[in-house]
Amino acid sequence: MKEFIEKAVQDYYGEEIAWCYGCGRLHKDGHHFRTGWLNNTNQTVTYYRPTKDQIGIPGFIYGGLIASLIDCHSMGSAALVLHRKNGHEIGDGTEPPRFVTASLHIDYLKPTPEGALLKAVGTVEEIHPKKWKVVTEMFADDIFCAKGEVIAAVMPDTFKKK
């Protein structure tokens with residue numbers, strides 16, 4: 001299974017906003033989640049292999065990591081879709097839009113086993129010019145473990161450092 005996203009939306013966020021613990025490429029201690037297009041579809045994907053210290057109980061990944069993965073993946077997914085809607089593709093020299101979480105709901109369906117490759121797959125729906133609904137399904141290897149419904153809001157310019 002492919003584990004690395006070559007052109008991740010997070011690689012193209014401006015330096016002033018690339019510090020998220022989950023997906024910020026500039027956060028030295030963060031997870032560095034990377035979101036890109038899933039093959040030639042309109043869905044998005046993020047792969048992540050948890051470290052041994054990211055357990056809730058021995059043998060299983062803690063729920064906070066799963067929430068972070070679904071949250072960051074969903075923000076990256078909304079950015080990819082809006083960037084494409086605006087006529088751009090990742091790496092074309094145009095900075096993609098940035099989103100913030102307006103709502104995060106997660107259903108934990110099965111315990112997530114330690115040692116598995118996590119795969120988040122997102123489907124995005126526009127619900128308002130500044131708000132997008134993202135449904136993200138998270139798999140551990142081939143086990144469907146969690147599902148999130150996230151409302152992503154376009155990041156206001158006031159969030160960016162001047």
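Just so we're clear, the structure is a prediction, and the values are computed from it rather than from any experiment.
Taking the side chain to side chain contact (heavy atoms under 4.5 Å, CB included) definition, one finds that A78 meets it with F99, W132, V134, A152, sequence neighbours left out. By the side chain to side chain contact (heavy atoms under 4.5 Å, CB included) test, C23 is found to be paired with Q10, C20, F33, C72, R98, residues two or more places apart in sequence or in another chain being considered. With sequence neighbours left out, the side-chain hydrogen bond (donor to acceptor under 3.5 Å, both in side chains) criterion links S77 to T44, H73. For the side-chain hydrogen bond (donor to acceptor under 3.5 Å, both in side chains) test, residues two or more places apart in sequence or in another chain that qualify with D53 are T51. Legend: residues meeting side chain to side chain contact (heavy atoms under 4.5 Å, CB included) with E137, ordered by chain and number and at least two apart, are F139, F144, K147. The side-chain hydrogen bond (donor to acceptor under 3.5 Å, both in side chains) check on D11 picks up R34, with sequence neighbours excluded. With sequence neighbours excluded, no residue forms a salt bridge (charged side-chain N to carboxylate O under 4.0 Å, His left out) with K7. In this structure, the salt bridge (charged side-chain N to carboxylate O under 4.0 Å, His left out) partners of E125, at least two apart in sequence or on a different chain, are K133. Here N86 pairs with L82, H88 under the side chain to side chain contact (heavy atoms under 4.5 Å, CB included) rule; sequence neighbours left out. When the side-chain hydrogen bond (donor to acceptor under 3.5 Å, both in side chains) test is applied to H31, the partners found at least two apart in sequence or on another chain are Y48, Q54.
A donor-acceptor distance shorter than 3.5 angstrom exists from the side chain of T41 to the backbone of Q43, with no hydrogens or angles considered. Counting only distance, with no hydrogens or angles, the side chain of D92 and the backbone of T94 share a donor-acceptor pair below 3.5 Å. Between the side chain of R49 and the backbone N or O of L118, no donor-acceptor pair lies under 3.5 Å. A donor-acceptor pair under 3.5 Å is absent between the side-chain atoms of R84 and the main chain of N42, judged by distance alone. With hydrogens and angles ignored, the 3.5 Å screen pairs a side-chain donor or acceptor of Y108 with a backbone N or O of G63. A donor-acceptor pair under 3.5 Å is absent between the side-chain atoms of D141 and the main chain of A116, judged by distance alone.
When the side chains of ILVMFWY residues are joined at heavy-atom separations under 4.5 Å, either directly or via intervening members, L104 and V135 end up in two distinct hydrophobic clusters. I55 and I106 fall into different hydrophobic clusters, where Ile, Leu, Val, Met, Phe, Trp and Tyr side chains are chained together by heavy-atom contacts under 4.5 Å. Taking hydrophobic clusters as Ile, Leu, Val, Met, Phe, Trp and Tyr residues chained together by side-chain heavy-atom distances below 4.5 Å, Y21 does not share a cluster with I61.
Taking all atoms of both residues into account, the shortest heavy-atom contact from L38 to Y47 is CD1-OH, 4.3 Å. Shortest non-hydrogen contact noted between P113 and I143 is CG-CD1, 4.3 Å. In plain terms, the two heavy atoms of G122 and T136 that are nearest each other are CA-OG1, 4.0 Å. The shortest heavy-atom contact between P96 and H83 is CA-ND1, 3.3 Å. The nearest pair of heavy atoms linking P129 to V154 is O-CG2, 4.3 Å. Across V9 and A79, no two heavy atoms sit closer than the pair CG2-CB, 4.0 Å.
I127 belongs to a hydrophobic cluster whose remaining members, ordered by chain and number, are I151; membership requires side-chain heavy atoms of ILVMFWY residues under 4.5 Å apart, directly or through intermediates. When hydrophobic side chains of Ile, Leu, Val, Met, Phe, Trp and Tyr are connected at separations under 4.5 Å, I57 ends up clustered with F60.
Going from atom CE of M138 over to atom SG of C145 covers 4.5 Å, rounded to the nearest 0.5 Å. The line from CH2 of W19 to NZ of K28 is 10.5 Å long, rounded to the nearest 0.5 Å. Atom CG of L26 is separated from atom CD1 of I17 by 10.5 Å, given to the nearest 0.5 angstrom. Between the CE atom of M75 and the OG1 atom of T101 there is a distance of 3.5 Å, given to the nearest 0.5 Å.
Residues T46 and I5 have side chains not in contact (no heavy-atom distance under 4.5 Å, counting atoms from C-beta outward). No side-chain heavy atom of V124 sits under 4.5 Å from any side-chain heavy atom of E126.
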